[in-house]
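Below you'll find the structure, written out as structure tokens, and then a few comments.
Excluded from the calculations below are hydrogen atoms, water molecules and symmetry mates; all remaining heavy atoms, backbone and side chain alike, are included.
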Amino acid sequence: MCAFLCIPFCVSARDVTVNVDGEPLICDTAPVIKNDRVLVPMRAVFEALGCDVSYNEEFDGAYVYASKDKELIVHKIGSDSIFVNGDTVRIDVSSEVISGRTLVPLRAVSEALGCDVSWNQEEYSVSVTA
């Protein structure tokens, strides 16, 4: 019975695959499902989408910055929002740190960059198209 209580609530029973523009998303921390949302390492997805990514610890927390062309996304780790070119966008699952990586909701950050995102329930996979 203890084994059931010790399983983290954000780990999926099946492996989720993620493809960005037809290529598998390569990351050292596997995607997880939390509250019906796929979370992926932020740096991996942003770099796959051609963004420059930086991390900074500030007086009120840790922030991740991603920029591409004229788009700038700022996210405070653990927050339930991202800032896209200064506008606040609420996300329904907060980011979290797992195995030393910041995982964020894939759909929210991808759509913030204007990408299309689709879920295939049968294959348990997500496709992101820039």
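Listed here is the closest heavy atom pair of Lys76 and Gly61: CE-CA, 4.1 Å. Across every non-hydrogen atom of Lys68 and Gly50, the tightest pair is CG-O, 3.9 Å. Taking all atoms of both residues into account, the shortest heavy-atom contact from Ser110 to Val45 is OG-CG2, 4.2 Å. Minimum heavy-atom separation, Val93 to Pro105: O-CG, 3.2 Å.
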Using the rule given for side chain to side chain contact (heavy atoms under 4.5 Å, CB included), can you reason through Val32 versus Ile98, listing the C-alpha separation, both sets of side-chain angles and the distance that settles it, and then say yes or no? CA-CA 10 Å; Val32 298; Ile98 298 175; 4.2 Å; yes
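Looking at Trp119 and Tyr124, their side chains come closer than 4.5 Å, going by heavy atoms from C-beta outward. With a 4.5 Å cut-off on side-chain heavy atoms, Asp21 and Thr129 count as touching. You'll find the side chain of Glu96 stays beyond 4.5 Å of the side chain of Thr102, heavy atoms only. Residues Leu39 and Ile33 have side chains not in contact (no heavy-atom distance under 4.5 Å, counting atoms from C-beta outward).
Ile26 and Val109 fall into different hydrophobic clusters, where Ile, Leu, Val, Met, Phe, Trp and Tyr side chains are chained together by heavy-atom contacts under 4.5 Å. Residues Tyr65 and Ile91 do not share a hydrophobic cluster, clusters being chains of Ile/Leu/Val/Met/Phe/Trp/Tyr side chains in contact below 4.5 Å. Transitive grouping of hydrophobic side chains (ILVMFWY, heavy atoms separated by less than 4.5 Å) keeps Leu106 and Val74 in distinct clusters. Under the 4.5 Å side-chain heavy-atom criterion for grouping Ile, Leu, Val, Met, Phe, Trp and Tyr, Phe83 is not connected to Val104 through any hydrophobic cluster.
Here the rule is salt bridge (charged side-chain N to carboxylate O under 4.0 Å, His left out) with Asp92, and of Lys34, Arg107, Arg37 only Arg37 fits it. Each of Leu113, Val53, Val64 was evaluated against Ile73; a single residue qualifies, Leu113, per the side-chain contact (heavy atoms from CB on, under 4.5 Å) test.
Interatomic distance, Ile82 CD1 to Met42 CE, rounded to the nearest 0.5 Å: 7.0 Å. We find the CD-CG distance between Glu122 and Asn120 to be 6.0 Å, quoted to the nearest 0.5 Å. For the atom pair CD (Glu71) and CG (Leu49), the distance works out to 12.0 Å, reported to the nearest 0.5 Å. Taken from CG in Asn19 to OG in Ser127, the straight-line distance is 5.0 Å, to the nearest 0.5 Å. Distance check, rounded to the nearest 0.5 Å: OG of Ser95 to CD1 of Ile77 gives 6.0 Å. One distance of note links CG of Asp60 with OG of Ser79; it measures 10.5 Å at 0.5 Å rounding.
Donor-acceptor pairing under 3.5 Å is recorded for the side chains of Glu58 and Asn56.
Counting only distance, with no hydrogens or angles, the side chain of Asn85 and the backbone of Leu72 share a donor-acceptor pair below 3.5 Å. In this structure, His75 contributes its side chain and Tyr63 its backbone to no donor-acceptor pair below 3.5 Å.
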